Amino acid sequence: MTADIKSIAEHLRALRYVEAAAGCREVLKSRPQDANALHFLGLADWHLGGDAQDCAGLVRKAIVRMPGHSAMHHNLATILGGAGRLEEAVKSYRKAIALKPDYAEAYYNLSGIRKFAA
């Protein structure tokens with residue numbers, strides 16, 4: 001079965017990170033610049049214990065292709081915050097909020113991380 005972005009997103013929502021990552025890799029074989037697949041692969045790999053720099057790099061590549069996608073900035077912030085890169089995470093959360101001013105989850109996560117950032 002050929003993977004598609006919709007099925008990958010469903011795997012992520014269901015916390016099936018192995019399946020999501022495999023689907024992303026399948027998509028990227030034929031479309032190596034697919035922003036959604038890059039984004040989802042970075043997120044899935046992060047949840048699977050992947051290297052923060054590598055995972056953030058995938059999401060950053062996606063952001064280059066879709067700079068106005070607030071969820072990508074939010075997920076980059078989550079990866080950076082989890083890796084202890086708090087100032088970078090704060091900037092990414094703020095970017096997500098700037099793109100989507102009613103992004104409640106980004107406000108919530110920003111408020112939690114700001115008390116630890118310098």
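Just so you know, these numbers come straight off a predicted model, no measurement behind them.
To the nearest 0.5 angstrom, I5 atom CD1 is 6.0 Å from C24 atom SG. The CG atom of D34 sits 13.0 Å away from atom NZ of K61, with the distance rounded to the nearest 0.5 Å. With rounding to the nearest 0.5 Å, the separation of CD in E105 from OG in S70 is 10.5 Å. Rounding to the nearest 0.5 Å places CG of L41 at 9.5 Å from CG of L48. Separation of atoms CZ (R13) and CD1 (I8) is listed at 11.5 Å; rounding is to 0.5 Å. Here the straight-line distance linking atom OG1 of T78 with atom NE2 of H74 works out to 4.5 Å at 0.5 Å rounding.
Across A77 and S92, no two heavy atoms sit closer than the pair CB-CB, 3.5 Å. Nearest heavy-atom pair, G81 versus A89, reported as atom, atom and distance to 0.1 Å: N-CB, 3.5 Å. Across all their heavy atoms, I97 and A106 have their closest contact at CG1-CB, 3.6 Å. Looking at every heavy atom in both residues, G42 comes nearest to I79 through O-CD1, 3.9 Å.
Between the side chains of D4 and S7, at least one donor N or O sits under 3.5 Å from an acceptor N or O.
Y93 places no side-chain N or O within 3.5 Å of a backbone atom of S111 that could act as its donor or acceptor partner. Without hydrogens or angle criteria, E88 side chain to L80 main chain gives no donor-acceptor distance under 3.5 Å. Of the possible polar contacts, one joining the S30 side chain to the V27 backbone as a donor-acceptor pair under 3.5 Å is found. In this structure, H73 contributes its side chain and R94 its backbone to no donor-acceptor pair below 3.5 Å.
In the hydrophobic clustering (ILVMFWY side chains linked at under 4.5 Å, chained through shared members), Y108 stands by itself.
For the side-chain hydrogen bond (donor to acceptor under 3.5 Å, both in side chains) condition, the pairs that include at least one residue of residues 42-58, sequence neighbours left out, are R25-D45.
I63 has its side chain out of reach of H39: every pair of non-hydrogen atoms, C-beta onward, lies at least 4.5 Å apart. You'll find the side chain of V59 stays beyond 4.5 Å of the side chain of L38, heavy atoms only.
The ring of H11 has its center no closer than 6.0 angstrom to the ring center of Y17.
Neither M66 nor L43 shares a network with the other; the hydrophobic side chains, linked directly or stepwise wherever heavy atoms of I, L, V, M, F, W or Y lie under 4.5 Å apart, form separate groups for each. Residues V18 and L12 share a single hydrophobic cluster, defined by chaining ILVMFWY side chains whose heavy atoms lie under 4.5 Å apart. In this structure, M72 is not a member of the same hydrophobic cluster as Y103, with clusters built from ILVMFWY side-chain heavy atoms closer than 4.5 Å.
The neighbour count for K100 NZ, taken as heavy atoms of other residues, nucleotides or ligands under 6.0 Å away, is above 12.
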